[in-house]
Amino acid sequence: MHHNRRQFLKLGGAAALVVAWPGPADAVATIGGFAFGTYWRLGLGEDVDHQRVRRKIMDIIEATDSTMSPFRPDAEITRINNTRSTDWMPASPQLRQVVGAALRIGRLSGGAFDPTIGPIANRFGFGPITGSRTGSWQQLALSSDAVRKDSAGLTIDLCGIAKGWALDRMAAALDSMEPGGYLIELGGEVLARGRHPSGRAWQIAIEPPFSGIGTAKHLVALEGMAIATSSNTVNAYVIGDRRYSHIIDPWKGEPIQAGAASVSVLTESAMDADAWATALMAMEVDEAISFAQDNGINTLIYARDGNVLRAITTGQFAGSLI
């Protein structure tokens with residue numbers, strides 16, 4: 001049941017996006033490669049130094065992996081997880097930024113997003129973080145240069161947020177090169193800047209998480225925004241009558257049973273979209289809908305009622321059906 005290192009960060013979400021990539025006549029080049037057991041793709045102008053862009057993106061992929069991959073024995077997060085201490089431990093600015101964002105969304109979501117669930121995920125066959133869960137996000141603390149665990153056995157799992165952070169860093173690197181409009185995808189999470197060469201906004205289609213049950217795709221325009229989708233339809237297995245998803249209910253300490261079929265979140269930050277999609281998936285469907293509405297989170301939530309899917313949008317999420 002256990003997933004290997006090639007699937008680092010892929011466990012944090014599930015792609016349900018179809019990107020409308022430009023054709024050869026659109027004066028846009030497409031480059032890409034492998035990252036975190038999945039892939040990245042970038043559509044941008046032909047007059048940009050593509051080799052330089054590729055090097056910058058690959059540097060970000062390696063830096064993310066060496067800092068936040070719990071599958072790597074030499075990763076910074078592995079060192080912290082293996083240190084059985086409640087003293088302050090030095091941490092890089094990158095790790096502190098992502099842990100800080102995880103704690104912020106943990107607090108705002110009432111614990112629906114919890115970066116300490118790694119041992120639970122491992123117990124059900126997802127991820128490499130072993131041991132027992134000895135606390136929650138509330139037992140983690142940050143200082144200006146360090147991180148501290150209130151419980152010596154506590155571990156940190158950032159697979160539900162680090163891919164979004166990496167995508168934001170890729171966008172920042174691209175922006176520094178002033179490439180004009182571009183669309184970049186990292187394992188199903190997508191971010192756009194500027195506009196398509198034709199002058200329209202970049203567009204993506206969000207697929208329903210289950211096929212053949214009468215629900216159309218949603219076509220969404222991205223202008224300076226990022227979108228992430230989390231779903232329980234992949235990275236899952238079935239035993240008997242129960243489906244075991246990689247999305248963990250942090251309160252019950254087991255894979256979700258009453259959550260949505262999928263949640264897509266649209267924000268300016270890919271990191272926030274990544275984490276909020278996971279947090280809303282961890283909630284029961286009605287709770288997730290109410291929470292998103294009350295907090296102005298732009299979402300497309302697919303809820304399954306028997307063999308029928310309901311599509312619910314909240315906040316400023318707008319899209320046309322195709």
Side-chain angles (χ1 to χ4, degrees), residues 13-32 38-45 163-164 167-168 170-171 174 180-234 260-270 272-274 276-278 280-281 285 288-289 292-293 296-305 307-322:
L17 303 175
V18 177
V19 179
W21 289 98
D26 287 323
V28 172
T30 301
I31 62 175
T38 179
Y39 61 90
W40 64 272
R41 288 190 297 178
L42 170 65
L44 77 172
K163 186 167 65 173
L167 185 56
D168 285 335
M170 292 176 183
L174 285 165
Y182 64 85
L183 180 74
I184 184 165
E185 178 184 10
L186 177 59
E189 297 183 17
V190 182
L191 183 150
R193 294 282 191 269
R195 299 181 71 82
H196 187 278
S198 67
R200 64 166 172 81
W202 296 97
Q203 295 177 327
I204 61 169
I206 302 176
E207 290 187 318
F210 299 99
S211 61
I213 55 178
T215 301
K217 298 177 184 177
H218 279 253
L219 187 66
V220 180
L222 291 181
E223 295 187 67
M225 302 289 280
I227 191 165
T229 295
S230 188
S231 168
N232 65 7
T233 59
V234 296
S262 74
V263 175
S264 298
V265 175
L266 181 68
T267 68
E268 293 184 0
S269 160
D272 282 5
D274 194 3
W276 277 119
T278 301
L280 293 169
M281 278 293 298
V285 175
I289 295 169
Q293 290 172 337
I297 302 174
N298 307 317
T299 65
L300 168 62
I301 297 174
Y302 280 109
R304 187 168 186 173
D305 293 331
N307 291 325
V308 178
L309 274 182
R310 290 185 294 134
I312 305 102
T313 59
T314 69
Q316 297 178 347
F317 197 108
S320 57
L321 296 178
I322 58 173

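- Ile312 contributes atom CD1, which lies 8.0 Å from atom CG of Leu300 (distance to the nearest 0.5 angstrom).
- Atom OG1 of Thr299 is separated from atom CG of Leu266 by 9.5 Å, given to the nearest 0.5 angstrom.
- Here Ile31 contributes atom CD1 and Leu42 contributes atom CG; the two are 5.0 Å apart, rounded to the nearest 0.5 Å.
- When all heavy atoms are compared, the tightest approach of Trp202 to Ala192 is CD1-CB, 3.9 Å.
- Asn298 places no side-chain N or O within donor-acceptor distance of the main-chain N or O of Gly315, the cut-off being under 3.5 Å.
- When side chains are defined from C-beta on, Phe317 does not count as touching Val265, because their heavy atoms never get closer than 4.5 Å.
- Looking at residues two or more places apart in sequence or on another chain, you find a side chain to side chain contact (heavy atoms under 4.5 Å, CB included) between Gln293 and Ile289, Thr314.
- Two residues are said to be in side-chain contact when any heavy atoms from C-beta on lie closer than 4.5 Å; Leu280 and Ser230 fail this criterion.
- Closest non-hydrogen pair, Ala260 versus Met281, comes out as O-CE, 3.2 Å.
- Tyr182 contributes a side-chain N or O that, together with a main-chain N or O of Ala171, makes up a donor-acceptor pair within less than 3.5 Å.
- Ile227 CD1 to Ile206 CD1: the interatomic distance, rounded to the nearest 0.5 Å, is 3.5 Å.
- Looking at every heavy atom in both residues, Leu309 comes nearest to Pro208 through CD1-CB, 3.9 Å.
- The main-chain N or O of Gly187 is found under 3.5 Å from a side-chain atom of Lys163 such that the two form a donor-acceptor pair.
- In this structure, Thr229 and Ser264 approach most closely via the heavy-atom pair OG1-OG, 2.6 Å.
- Taken to the nearest 0.5 Å, the CD atom of Glu223 stands 11.0 Å off from the CZ atom of Arg200.
- With rounding to the nearest 0.5 Å, the separation of CD1 in Ile297 from OG1 in Thr267 is 9.5 Å.
- Between Leu174 and Arg193, every side-chain heavy-atom pair lies at or beyond the 4.5 Å cut-off.
- Across Ala270 and Leu167, no two heavy atoms sit closer than the pair CB-CD2, 3.8 Å.
- Results of the side-chain contact (heavy atoms from CB on, under 4.5 Å) test with Val190 over Glu185, Arg41, Met225 single out Glu185 as the only residue that passes.
- Scanning all heavy atoms of the two residues, the minimum distance from Ala226 to Ala273 falls at O-CB, 4.4 Å.
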